[in-house]
Amino acid sequence: MAKIKGAVVVDSERCKGCNLCVVACPLDVLALTTKEVNKRGYTFAQTVLEDTCIGCASCATVCPDGCISVYKVKQQ
Amino acid sequence: MTREEIIKPENLVYKKPTLMNDNPMHYCPGCSHGVVHKLIAEVIEEMGLENKAVGVSPVGCAVFAYNYLDIDWEEAAHGRAPALATAIKRLWPSRLVFTYQGDGDLACIGTAETIHALNRGENITIIFINNAIYGMTGGQMAPTTLLGMKTATCPYGRDAAIHGYPLKMTEIAATLEGTAYVTRQSVHSVPAIRKAKKAIRKAFENSMNGKGSNLVEIVSTCNSGWKMSPAAANKWMEENMFPFYQLGDLKDKE
Ligand SMILES: Cc1ncc(C[n+]2csc(CCOP(=O)(O)OP(=O)(O)O)c2C)c(N)n1
Ligand code: SF4
Ligand code: SF4
Ligand code: SF4
């Protein structure tokens with residue numbers, strides 16, 4: 001059966017830590033940093049459950065700042 | 001399969017629209033303005049109008065919209081965007097001309113310009129960001145503020161006896177002969193964002209096809225002004241704004 005695998009890349013310098021992507025992800029792939037901030041002082045979103053992502057792009061669609069790129073492959 | 005094997009150009013399914021440049025946007029984290037900016041950029045790209053689009057930015061939080069989308073822009077005086085858009089479209093009919101306005105800009109100081117441009121059937125699109133508050137100036141009451149809603153200038157909540165009733169500009173627009181497409185959308189969820197994008201596309205197509213004027217209201221959040229987290233603001237909007245500002249098409253002159 002074909003399996004869908006996804007991966008996201010967050011532009012952490014552009015991210016403002018609004019958390020909307022974290023809430024939108026159906027599979028809890030993303031979380032905000034707790035101890036690290038970017039150059040502009042924001043916590044930022046990062047992948048915490050790498051293997052789980054299905055590349056649905058919900059996170060990227062809701063991101064107001066266009067910080068997320070999504071990649072997707074169908075594994076045979 | 002490793003992350004490196006997945007992250008390859010041929011597997012890319014979503015990225016920031018090309019028309020949205022790398023300037024960091026000044027909007028508060030989680031503000032709806034950014035989502036709508038992305039949709040406008042995507043629709044212009046999909047219609048191949050990158051070199052034909054002229055936006056008119058307002059006074060309000062979106063005053064710097066011209067810094068973020070790489071198309072032509074004019075900056076209007078407060079509320080006057082539809083008048084400026086009228087001039088641009090009449091002088092340059094082959095252009096896609098749209099305004100981008102908040103509720104303070106469109107429904108208060110610019111009420112006359114908005115209603116008359118729509119009523120004249122100017123072949124423009126008005127994108128109307130209704131966050132029920134004056135965001136830029138610090139969260140004062142707007143004409144669109146809900147009854148009972150607290151703002152800096154109605155700290156006990158909007159009271160009809162003192163402040164009058166919230167104004168439904170989109171319902172008014174639907175009654176005007178000049179309007180072709182009048183709709184109310186939102187951007188709080190993935191399905192809502194998809195629908196809002198389709199609405200913007202239809203409005204832009206109408207503008208290019210000379211069908212008349214188009215109003216796309218986006219019921220939006222101003223999480224800073226509302227003093228909530230972005231996610232809580234979306235929830236508050238669903239529970240409080242949508243019952244009063246009902247989503248959907250109000251008029252569609254096919
Ligand atoms: C002639 C004039 N009057 C008043 C103002 C002050 N002012 C700036 S933005 C604004 C309203 C902003 O609210 P809105 O249009 O809802 O946009 P938002 O900031 O919420 O996106 C006002 C009254 C101004 N700049 N110019
Ligand atoms: S693409 Fe889908 S599954 Fe992957 S992180 Fe984004 S929302 Fe989650
Ligand atoms: S939605 Fe965008 S800006 Fe907000 S936390 Fe996620 S990546 Fe950052
Ligand atoms: S004040 Fe409100 S409308 Fe303005 S950028 Fe902040 S959240 Fe957005």
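Values reported hereafter were calculated over all heavy atoms of this structure, with side chains retained and with hydrogens, waters and symmetry mates removed. Residue numbering restarts at 1 for every chain, and letters A, B, ... go by the order of the sequence lines.
For Met1(B), the parts lying under 4.5 angstrom from a heavy atom of chain A are both the backbone and the side chain. For Val23(A), the part lying under 4.5 angstrom from a heavy atom of chain B is the side chain only. For Leu12(B), the parts lying near chain A are the backbone and the side chain together; criterion is any non-hydrogen pair under 4.5 Å. Only the side chain of Asn234(B) comes within less than 4.5 Å of a heavy atom of chain A; its backbone N, CA, C and O stay farther away. Looking at Tyr68(B), there are no atoms closer than 4.5 Å to chain A (heavy atoms on both sides), in backbone or side chain.
Most heavy-atom pairs under 4.5 Å with chain B, from the set Cys18(A), Ser58(A), Cys67(A), Cys63(A): that is Cys18(A). Taking Glu50(A), Lys5(A), Arg40(A), Lys16(A) one by one and counting their heavy-atom pairs under 4.5 Å with chain B, the maximum is reached by Lys16(A). Of all the listed residues (His33(B), Met20(B), Lys8(B)), the one sharing the greatest number of non-hydrogen pairs under 4.5 Å with chain A is Lys8(B). The most heavy-atom pairs under 4.5 Å with chain A, out of Arg3(B), His37(B), Lys15(B), come from Arg3(B). Ranked by heavy-atom pairs under 4.5 Å with chain B, the first of Ala24(A), Cys56(A), Gly17(A), Gly6(A) is Gly6(A). Interface check for chain B: of the options Cys53(A), Cys21(A), Pro64(A), the most heavy-atom pairs under 4.5 Å are formed by Pro64(A). Heavy-atom pairs under 4.5 Å with chain A were tallied for Thr2(B), Val36(B), Val187(B), Ile7(B); the largest tally goes to Ile7(B). Chain B forms more heavy-atom pairs under 4.5 Å with one residue of Val8(A), Asp51(A), Val22(A), Leu20(A) than with any other, namely Leu20(A).
Remark: of the listed residues Tyr100(B), Phe98(B), Tyr66(B), Phe98(B) is the sole one forming a ring pair (Phe, Tyr, Trp, His ring centres under 6.0 Å) with Trp73(B).
No side-chain donor-acceptor contact under 3.5 Å links Thr145(B) to the backbone of Met141(B). Glu13(A) places a side-chain N or O within 3.5 Å of a backbone atom of Lys39(A) that can act as its donor or acceptor partner.
For the pair Ile126(B) and Thr114(B), the minimum side-chain heavy-atom distance is below 4.5 Å. With a 4.5 Å cut-off on side-chain heavy atoms, Asp249(B) and Gln185(B) count as touching. Pro155(B) places none of its side-chain heavy atoms less than 4.5 Å from the side chain of Lys150(B).
Here Asp65(A) does not pair with Arg14(A) in a salt bridge; the nearest charged N to carboxylate O distance is not below 4.0 Å. Ion pairing between a basic and an acidic side chain is recognised when a charged N comes within 4.0 Å of a carboxylate O; Lys197(B) and Glu46(B) show such pairing.
Applying the 6.0 Å contact sphere to CZ of Arg194(B) captures no more than 12 heavy atoms from other residues, nucleotides or ligands.
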